[in-house]
Structure formats: C-alpha cells, structure tokens
Amino acid sequence: MMELDIVFADAHCHSNPVEGFGAEEICKKFKDLGGWFIALIGLPPTHYGLNLSLTDFLKAHRIAVEECKRARKLGMRVSCLIGFHPAEVDKLVNRKGMKLEKVIELAEVLLNNVISLFKEGLVDGIAEVGRPHYRTEPQFIVASELIMNKALQYAKDWGLLVHLHLEQGGLVTVLDIKNRIEYIDIPVNKVLLHHVRPGTAEFAIKFNLNISIPALEPLVRIATTKYPPKYVFESDFIDDPKRPGVVIEPWNLALNQLKVFKKGIVNEDYLWKINVDNIVNLYEVEPP
Ligand SMILES: [Zn+2]
Ligand SMILES: [Zn+2]
C-alpha cells in the first residue's frame, strides 16, 4: 500500500494458533499495512482447547512463546509477554472448585515460569495480570490484587515489563496503580496499563503512567484529538472466530490511524511518537 512512511505498532495483541488465525497470518496482514512491532500476549489455556490444570497453564505459556518465534521469523519486532489473566481466578474457583489460596499458589508457579522463560531469553514481560473488569466476588478481586502485587515485585526484581488489565475506574484506578508502583518501587516505565479508555486515560497521562488505548475508530479519534502523544495504541485482538468484533484486528488499528491522518487530525510526527518513540522506550526494541 502506498501510504507514506507511516508505520504502526500494536502494543497488546493475542494470537491463537489453535482456534484462530495464529501469529503468522496476523503478522503478515499487519505488516502489509505498515506494522513493524507487535506485543504478543499469551491466552489462558481454555482458549487453546486445553484444561485448567497446572500442566495446561504451563502448556499455554509454551504455545505463546512458539507464537512469538513465528512472528519474529516474519521480520516483525516482537515483544513476548505471558502471565495469569485475572479472569482465571473466577474460573478456577467456580469451574474447578479450587480454593482461593490454591489459586494464588498456582499463579505464583506460573509467574516463576515466566521468570524462567525470561532467563532463557524467550519472554520479555508479564501479561496480563491485574483486576477483573466485571462484577465478581470481592474476595476474587483481593486474590487478583495479591497476584498483581507479586507480579509487580517479580517484574521489579528481574527488570521485566508488566501489562495490567484493570477496571475503568477513572482517577481511582490511576491513583491505586500509582500507589502500588511507588510502594513496590518498580520503575514506572516497566508498567503499562492496557486497554485504557477515555475517562481513565486522561488521568493516567496526567500522572505519567504508561497506557495503551484500544484503537477502535471512535477512540482513535478522541485520543488523537484530545491527548498529547503520551500513550500507545493496542488492538487487544483475541483471535477467536467465535467472538468476532469483540475488539479490533491489528490491521484495523493501522487503518483507523490512517483515517485520522487523512482527515488532517494528526500529522506524521504525532503518529511517529506513538507508534515508534513510545514503543522503543517501553519495550526497549530497536526502532524500524
Ligand atoms: Zn486485558
Ligand atoms: Zn489482552
């Protein structure tokens, strides 16, 4: 496509080689539209047709690592992140009848696995951990917060990047995470609040927290119109043909930004900052 020198980065995307396109097809399509960087995030085992056993959680980590290798072979810059999604707390208790303290133990084993894979050079960060974004039992939220704190601690000790999955609580969400970052004493640049929407995004930008905004068309318009270029865009694609349109595909992340560029809402400099400079700083990758 003849589209100047604009390049695009997807700060948070899932690929599913079992049920969906898989990393290879996703990256080929994204690359055709100027995609140069993608952060690939592992999915929970059930997305890959696996069960909720520890063995299968570990298998899911492996699948994600293999997906990152496939993406790298295509010449994409890739950041590979795996972890323990907060929604798994509910699943393990309600579907498996697991005790909450056992869930926390399992999450800790998985976080240790992330560190081992990081030491092998196969993984770049932890994603995703955090809090559920939906209504649930209060003790499930507390458990997910204990896991999040542990992840932040590990990330601090080993120098990893962490993606936090959170509620859209506006200033309250931002202050809570800011306090956790300070208390745990992890460099602020090692934490990304992912899937942050307007209403919360402004506060995060004000307090200099890293955020990625879903690149849905209306959100791209709001962000590029109202915010300084102090954020990144993500697709949060889940690569599940059974749930189409839940979020957007990485190639639409590119197309939606081209739309605001063509309308004159943003210039090349602005797009370069969010798609290259901010990505290089956050993921510590070489620029395109
Ligand atoms: Zn998420
Ligand atoms: Zn995600």
Side-chain angles (χ1 to χ4, degrees), residues 9-23 26-27 30 37-48 57 60-61 63-65 67-68 71 78-91 107 110-111 114 123-136 140-141 143-145 147-148 151-152 155 160-169 173-174 176-177 191-197 199-201 204 209-216 219 231-250 252-253 279 282-283:
D10 187 343
H12 184 109
C13 176
H14 304 273
S15 70
N16 190 336
V18 182
E19 305 277 346
F21 292 118
I26 291 172
C27 289
F30 185 40
F37 171 87
I38 194 162
L40 284 176
I41 319 301
L43 284 163
T46 46
H47 288 250
Y48 303 131
F57 269 98
H61 276 180
I63 291 173
V65 166
E67 282 287 89
C68 296
V78 180
S79 196
C80 195
L81 297 95
I82 55 173
F84 180 81
H85 198 287
E88 299 308 289
V89 176
D90 290 49
K91 280 195 226 161
L110 292 170
L111 290 175
V114 182
V123 155
D124 305 290
I126 305 174
E128 37 196 296
V129 291
R131 279 189 290 256
H133 61 271
Y134 49 82
R135 230 171 260 274
T136 186
F140 293 177
I141 299 174
S144 69
E145 286 184 323
I147 296 164
M148 163 165 59
L152 288 167
L160 276 75
L161 177 67
V162 191
H163 282 198
L164 298 181
H165 173 106
L166 301 158
E167 70 288 335
Q168 302 292 318
T173 298
V174 169
D176 174 71
I177 299 306
V191 182
L192 175 81
L193 284 65
H194 110 90
H195 206 116
V196 175
R197 290 170 178 261
T200 302
L209 298 185
N210 294 306
I211 53 164
S212 66
I213 299 174
L216 300 159
L219 300 192
Y231 60 92
V232 291
F233 278 126
E234 66 175 31
S235 66
D236 203 9
F237 185 48
I238 53 161
D239 197 13
D240 185 349
K242 291 196 279 312
R243 293 172 68 197
V246 183
V247 273
I248 58 154
E249 300 84 0
N252 283 325
L253 166 144
I279 294 288
L282 191 57
Y283 292 93

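Residue numbers start at 1 and run along the sequence shown. Just so you know, ligand 1 is whichever comes first in the structure, and atom 1 is the first atom listed for that ligand.
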Query raised in the report: Quick one: side-chain contact (heavy atoms from CB on, under 4.5 Å) partners of Ala107, sequence neighbours excluded?
Result: Phe84, Ile147
Query - His12: which of His195, His165, His194 passes ring pair (Phe, Tyr, Trp, His ring centres under 6.0 Å) - result: His194
**Report entry** Side-chain H-bond candidate by donor/acceptor type, Glu128 with His14, under 3.5 Å
**Finding:** yes
Query - Neighbouring protein N, O or S atoms of the Zn ion (ligand 1), below 2.8 Å - result: 3
Report task. Would you confirm whether Gln168, through its side chain, and Ala201, through its main-chain N or O, come within 3.5 Å as a donor-acceptor pair? Result -> no
Query raised in the report: Where does the angle between the aromatic ring planes of Phe37 and Tyr283 fall among parallel (under 30°), tilted (30 to 60°) and perpendicular (over 60°)?
Result: tilted
Query raised in the report: Is it true that a side-chain atom of Asn16 and a backbone atom of Gly22 form a donor plus acceptor pair closer than 3.5 Å?
Result: no
